[in-house]
*Asks:* 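Here it is: the structure, laid out below.
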2 protein chains.
Amino acid sequence: MTSGSVAKPLSKTRLELIEAAGRLSQLVGRPRTIGQIFGLLYLSPRALTLDEISELLEISKASASTGTRQLMALHAIRQVWKPGDRKDFLEAEPELREIIRGVYQLFLAPKLTKTRGRIDLLLETLDGDRKSGAIDDEEYRFCRDRLLQMSNLQGKVEKVLPLAEKFL
Amino acid sequence: MTSGSVAKPLSKTRLELIEAAGRLSQLVGRPRTIGQIFGLLYLSPRALTLDEISELLEISKASASTGTRQLMALHAIRQVWKPGDRKDFLEAEPELREIIRGVYQLFLAPKLTKTRGRIDLLLETLDGDRKSGAIDDEEYRFCRDRLLQMSNLQGKVEKVLPLAEKFL
DNA sequence: CGGAACGTTCAGTTCGGATTGAATGAATAC
DNA sequence: GTATTCATTCAATCCGAACTGAACGTTCCG
């Protein structure tokens, strides 16, 4: 005899947080489901299985799978092994600070160093543009100035962000 | 005798920055055009008209219009009036710091205070859930703890962000 | 051996938001 | 007044990413 099990419905509080987390998620350009899954788990007293997530959120198991894997990549949720059970149980990382740290280290920081390299490359491209006569001297100086401004800001951001994280 | 004018093609440098800015824009969940327009203007020695933007970026004038208005709402670009010309001329805000300030004040800060209110509301909803018997005491305490954690982090973020901005 | 219970992957569909062309409005020139 | 030249708005279209169902691989159990 198998499932068909309709799990206990979610409390109003959890439903509202799920909705808010979903909106926040797509506000920053991520799929809504990601936020919903995290919201669900963050207010869940016990770790949940893929099937439970899929059922409670009314999304396909495929979505639940991809969503949870993305969240795990950010260390926002983790797997919990219950002895004698083959299912994966998932729970939210309780320390929100850790999640922020993870997002920074795994996502932001690499992006920032890449950006630095890209700006330097643009400065070289600019020299090429001048030598090839694609731009006159006035435009050269103007662009160079702006690119240096970008470089300057980029460096400061790279220094301030890890510092700011400390203060959370 | 009207346009059909094909403007001077963009230098490689500007093309690359436009592309990068576009990607950055949609990375944070905004339309690519927004970033492209700003990238174009930021490396433009002179202010450009809507038609020029539309032509150089190969997008419709409608897109250029909505895009520039969004950027103006963030104070990332501004209008420049040339006497004797009815067209709007647009130029990028040169101070990148100002743009960050604008994004924070006009966009992030309101969102943060709203979030604070929303968390407080969730705490009330949680009390309601308990009184209505929707959740047992264990779940109540668990959820309450997590919501307080959120509230705590939210407060710190609200304090750290303006501080971090100072250091740029 | 099956076979059941998992999680994952992949091709197809769906859906939301960006983009567009055409209509509209506003301002100027004649 | 009418005609032009702008920017904006709106409905319709388009596009890409999120989501889905089905097929798959794997592991465990009998």
Side-chain angles (χ1 to χ4, degrees), chain A residues 1-5 18-19 21-41 47-73 77-91, chain B residues 1-5 18-19 21-41 47-73 77-91:
Chain A
M1 181 203 324
T2 34
S3 51
S5 72
I18 289 166
E19 190 196 333
R23 276 202 307 266
L24 176 63
S25 182
Q26 62 181 5
L27 180 73
V28 298
R30 307 288 97 199
R32 170 186 307 189
T33 351
I34 302 289
Q36 295 183 142
I37 293 174
F38 181 79
L40 171 65
L41 291 177
L48 300 179
T49 67
L50 264 194
D51 286 299
E52 287 174 316
I53 294 172
S54 159
E55 183 187 353
L56 289 167
L57 257 32
E58 299 181 71
I59 62 180
S60 73
K61 205 176 167 183
S63 277
S65 177
T66 59
T68 50
R69 269 182 304 114
Q70 291 195 48
L71 285 168
M72 281 175 45
I77 68 176
R78 62 165 76 109
Q79 281 185 348
V80 168
W81 294 87
K82 298 215 175 174
D85 203 321
R86 285 167 56 197
K87 294 179 188 173
D88 291 348
F89 284 81
L90 301 157
E91 67 177 16
Chain B
M1 180 203 326
T2 36
S3 52
S5 71
I18 288 166
E19 191 196 333
R23 275 204 308 268
L24 176 63
S25 181
Q26 62 181 4
L27 181 73
V28 297
R30 307 288 98 200
R32 169 187 305 189
T33 347
I34 302 291
Q36 290 177 319
I37 293 173
F38 181 79
L40 171 65
L41 291 176
L48 301 180
T49 67
L50 263 194
D51 286 300
E52 287 174 315
I53 294 172
S54 157
E55 182 187 354
L56 288 167
L57 256 31
E58 300 181 70
I59 62 180
S60 73
K61 204 177 169 182
S63 277
S65 176
T66 59
T68 51
R69 268 182 307 113
Q70 290 195 47
L71 285 168
M72 282 175 46
I77 69 175
R78 63 165 76 109
Q79 280 185 345
V80 168
W81 294 87
K82 298 213 174 174
D85 203 321
R86 285 168 54 198
K87 296 179 188 176
D88 291 349
F89 285 81
L90 300 157
E91 67 177 14

*Asks:* Which residue, B:Ile34 or A:Arg86, contacts DNA chain C at a nucleotide closer to its 5' end, judged by nearest heavy atom?
*Replies:* A:Arg86
*Asks:* Polar atom pairs between nucleotides 9-17 of chain C and protein, under 3.5 Å, N or O only, would you list them?
*Replies:*
{"unit_1": "C:dT9", "atom_1": "OP2", "unit_2": "A:Arg69", "atom_2": "NH1", "d": "3.4"}
{"unit_1": "C:dT9", "atom_1": "OP2", "unit_2": "A:Arg69", "atom_2": "NH2", "d": "3.3"}

*Asks:* Using modelled atom types only, decide if a donor and an acceptor are shared between the side chain of B:Glu55 and the backbone of B:Glu52 within a distance under 3.5 Å.
*Replies:* no
*Asks:* Please list all pairs passing the side-chain hydrogen bond (donor to acceptor under 3.5 Å, both in side chains) test where one or both residues lie in residues 77-87 of chain B, with sequence neighbours left out.
*Replies:* B:Arg78-B:Glu91, B:Arg78-B:Glu93, B:Gln79-B:Asp88
*Asks:* May I ask you to verify if any side-chain N or O of A:Ser60 is less than 4.0 angstrom from the OP1 or OP2 atom of D:dG21?
*Replies:* no
*Asks:* Over how many whole Å does the gap from B:Gln36 atom CD to C:dT19 atom C1' extend?
*Replies:* 12 Å
*Asks:* Tell me the interatomic distance from A:Glu58, atom CD, to D:dC19, atom C1', rounded to whole angstroms.
*Replies:* 14 Å
*Asks:* Between A:Ile59 and B:Asp85, which is nearer to the 5' end of DNA chain D once each is assigned its nearest nucleotide?
*Replies:* B:Asp85
*Asks:* In whole Å, what is the span from the CD atom of A:Glu55 to the P atom of C:dC6?
*Replies:* 13 Å
*Asks:* Over how many whole Å does the gap from B:Asp88 atom CG to C:dA27 atom P extend?
*Replies:* 12 Å
*Asks:* Could you tell me whether the side chain of A:Ile77 reaches within less than 4.5 Å of the side chain of A:Phe38, counting heavy atoms only?
*Replies:* yes
*Asks:* Counting N and O atoms only, with roles assigned by atom type, does the side chain of A:Thr66 sit under 3.5 Å from a partner on the main chain of A:Ser63, one being a donor and the other an acceptor?
*Replies:* yes
*Asks:* A:Trp81 has an atom CH2; how far is it from atom P of C:dC6, in whole Å?
*Replies:* 13 Å
*Asks:* I'd like to know if the side chain of B:Thr68 reaches the main chain of B:Ala64, judged simply by a donor and an acceptor atom lying under 3.5 Å from each other, with no hydrogens or angles considered.
*Replies:* yes
*Asks:* Please answer whether the main-chain N or O of A:Gly67 pairs with a side-chain N or O of A:Gln70 as donor and acceptor at a distance below 3.5 Å.
*Replies:* no
*Asks:* Under 4.0 Å between any heavy atoms, over every strand shown, what does B:Thr33 touch: base, sugar-phosphate, or nothing? Just pick one.
*Replies:* sugar-phosphate
*Asks:* What is the distance, rounded to the nearest whole Å, between atom CZ of A:Arg30 and atom P of D:dC19?
*Replies:* 12 Å
*Asks:* Among C:dC6, D:dA7, C:dT8, find the nucleotide with the atom closest to the side chain of A:Leu50.
*Replies:* C:dT8
*Asks:* Report the distance from atom CG of B:Leu71 to atom C1' of C:dA18, rounded to the nearest whole Å.
*Replies:* 15 Å
*Asks:* Checking side chain to side chain contact (heavy atoms under 4.5 Å, CB included) for the pair B:Ile34/B:Gln26: CA distance, chi angles, key distance, verdict?
*Replies:* CA-CA 9 Å; B:Ile34 302 291; B:Gln26 62 181 4; over 6 Å; no
*Asks:* Expressed in angstrom and rounded to an integer, what is the separation of B:Ile37 atom CD1 from C:dA18 atom C1'?
*Replies:* 12 Å
